[in-house]
Structure formats: C-alpha cells, structure tokens
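Heads up, the thing below is written out as structure tokens.
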Amino acid sequence: MAARMTEILRADLAGVMQAAAQLRAGALVAFGTETVYGLGGDATNAKAVAAIFDAKGRPRFNPLICHYPSAERAFQHVVADPRALRVAAAFWPGPLTLVLQRRPNCPVALLTGAGLDTLAVRVPRHAVATALLQAADRPIAAPSANRSGQVSPTSAQHVMDGLAGRIAAVLDSGSCEVGVESSVLDLSGTMPVLLRPGGVAAEALEACLGPIERGTPHATGQPAFRSPGLMVSHYAPNLPVRLNAESIADNEALLAFGPPLPGGRCVFQLSGSGDTVEAAVRLFEGLRWLDAEGKRVGAAGIAVMPVPLSGLGLAINDRLGRAAAPRGG
Ligand code: TXA
Ligand code: MG
C-alpha cells in the first residue's frame, strides 16, 4: 500500500466531525472504545471493508463486528428476539457483541460478515465512540486496530505503532477502560453460545439468560461449527465449485479474475484488472449471484479462475477453498 500520513485527531467536536466525514468518504479511521481501539470503516461500503482486511494484513475474511450508537439502531439491521432484547437492555452500551440473523433489507456489505446470514453487532460504552458513530450515521465495521497476529491496541500510540501510513487517521480518546475485547455471544441458534469470552463475564450473561454454551472454539472444538473461520465447508453455494480452472465447460458458470476464459453459461468478473482488493469486495456477491444465475441458466457448476496468493488473494483463496470443499452431509 502506498505510504501516506496518518493523522492523529483530538477527540473534541472538530476531531469527531472530521473522523466521521472521513468514514463517510470511505476512508479508514481508528477510534477508541471501552475495550480496545477499533479499525473503523463504513460497513455498508464493501471497498472500505476490503481496505480494513488489507490494512490489517488479515490472512482470511474473519467476519467483522458492526458498531452502532444505540441498540435501536443495531436492531434495525438484525433480528432481535426476546433474549437479545434482554441482554441488550442489561449490557448495552458495553463490551458485549451479539451475533444475530441479518434482516433481509440489511444494508451492511456481505464482505463485512464474510458472506454469512448472521451479523455481529455491538454498542460500545464510550462517549467519543458514540459521538463518532452518531455523526457517521452508518454502521461502522471495526476489528481491533492492530496488524494481524499482533496484540490489540489500547492507546492511539499502539495504533500508530502498527498502522501508521496504512490508515487515514486515529481519533485519540485516551486509554481504554476495559482493555480486552468484547464478549461475543451467538444468539442466532436455539442455544446461546459464547464464541469469545471478553469484557462481560460469562456468569453475568448466564445470570441474565440462563445456561449458555461456553468455551472458545480452541478450548472445546464445539462452537467451531458456528465460528466461520474454522469450518472447512463454510460458504458453500448450492452449485459445486471447481477451483483454478484453466478452461471452462459448456455447462459451467464462470467466476473470472482478469481477462475471462471464453465460454460458459454466465460470467461474474471479480476484477478485470486482476486487483485482489477489488476482487475481495466482489467475492461473496459473486458467489451468490453465480449460484442464482447459474441455476437459472442451467449451469451444473461454478468454475473459478486462479487468484494469486498475494495481498488479499490469500483470504480470497481461503474462502474459495471452503466454498469448494467437500460438503459434510
Ligand atoms: O471489543 C471488540 O469487540 C473490538 C472493538 C474494536 O469493538 N473488536 C474486535 O473485533 O475485537 P475482531 O474483528 O477482532 O473480533 C471479532 C470477532 C471474531 O472472533 C469473529 O470471528 C467474531 O467476532 N464474529 C464476527 N461476526 C461473526 C459472525 N457473524 N458469526 C460468528 N462470529 C462472528
Ligand atoms: Mg482482534
């Protein structure tokens, strides 16, 4: 990525308004929350979301959390059942993230949720973050504002240490009160599952909700089936997927990268110029479109042209590999 200056913005009204304007324009702005600093981008803008993965050097599309200024705003994008309303009333604003079903009209880019039907939503308990989210007036996707594999940042200086030159600005709101990430609670199924322990204790969640399945994917292996990064066949279209296609059969649909192979029933172009950032933006949309359009025109499968492993190509290949993996029953 081209080197550029990262501005440190003071957390006064002018700084918040500038940060919000930058987010609305598709730029990346890190901001403090009560847990850790987040690397924010407009969640409705797939290009901004792809730039988040790129700036972090995140090796695959782990789904991102969407941040809102209030529960009311969050529940405009996901379906809240009585359990969600109860924990939200008890712990929001605060260090709790809820995984819920997306609403059909949800404007959040598919890439934000890694193509899943669920979305992780959170309302931070931090006056500056709330002011920023209000001024931005759209959901803000934000993973922790560190390079992938490094420690989460709890000050603006930590963010600069890892991301200076890779993002537009950091809104400096001082150090973080909680210092560990939010608890991630999956309420999309019948049994609540704690996917990640965090700032709200599991005991407190159980006191509010009754029994929850505990343990991280690493600890028990169990919730891994709901934790997208770890599941082999994750985003599986209905049509079978064939990778690294060098030619295409008459009855196949094509997911193209660069100049398209001749033939095929229908074509979705990831990036005509072979740009992995652009391809990342279009990947989940492309798989969904080819699945529907391919079926409509009688295609028997989806052929995928090779995508290089550099840059976001690693994440793209990871997701394509899962889409093509043998389906478990
Ligand atoms: O405290 C926090 O949560 C911080 C601040 C910035 O808000 N954010 C954060 O984001 O830690 P990140 O991207 O580092 O962690 C998001 C976690 C990941 O473990 C991801 O797999 C999980 O949430 N997640 C997000 N969307 C999900 C979904 N739809 N289903 C299951 N897990 C999801
Ligand atoms: Mg993180």
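These figures come from a predicted structure and were not determined experimentally. For this chain, numbers begin at 1 and follow the sequence in order. All ligand and atom numbering here is 1-based and tracks the order in the structure.
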Between [options], flag the one that comes closest to [atom] by a heavy atom.
atom                    : options                      : value
atom 7 (O) of ligand 1  : Glu34, His67, His126         : His67
atom 14 (O) of ligand 1 : Gly179, Ala114, Ser144       : Ser144
atom 8 (N) of ligand 1  : Ala142, Pro153, Gly38, Gly32 : Ala142
atom 21 (O) of ligand 1 : Asn62, Leu116, Leu185        : Asn62

Using a strict cut-off of 4.0 Å, indicate which atoms of ligand 1 neighbour a heavy atom of [X].
X      : result
Arg58  : 13 (O)
Ala120 : 25 (C), 26 (N), 27 (C)
Leu195 : 31 (C), 32 (N)

*Output yes when the distance from some N or O of ligand 1 to some N or O of Thr35 is under 3.5 Å, and no in every other case.*
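Among all N and O atoms of Thr35, at least one is under 3.5 Å from an N or O of ligand 1.
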_N or O pair under 3.5 Å between Arg122 and ligand 1_ =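 N/O-N/O distance below 3.5 Å exists for this pair.
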*asked:* If we only consider heavy atoms of Asp186, is any one of them less than 4.0 Å away from an atom in ligand 1?
replied: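 It does not, in that no heavy atom of Asp186 comes within the 4.0 Å cut-off of ligand 1.
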*Kindly check if the number of other-residue, nucleotide or ligand heavy atoms within 6.0 Å of CZ (Arg86) is above 12?*
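Yes, the 6.0 Å shell around CZ holds more than 12 heavy atoms from other groups.
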*Location of contacts on Thr118 toward ligand 1, heavy atoms closer than 4.0 Å*: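 Both parts.
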*Any idea how Phe268 and Trp289 line up, ring-wise: parallel (<30°), tilted (30 to 60°), or perpendicular (>60°)?*
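Plane angle between 30° and 60°, so tilted.
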Residues [X] and [Y] bridged, charged N to O under 4.0 Å:
X      : Y      : value
Arg242 : Glu252 : yes
Glu293 : Arg296 : yes
Asp117 : Arg102 : no
Asp275 : Lys47  : no

_Donor-acceptor side-chain pairing of Ser182 and Arg196 below 3.5 angstrom_ =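 Present: a donor and an acceptor within the cut-off.
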*Mind checking the CG-CG spacing from Leu255 to Leu243? Nearest 0.5 Å is all I need.*
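Rounded to the nearest 0.5 Å, the CG-CG separation comes out at 9.5 Å.
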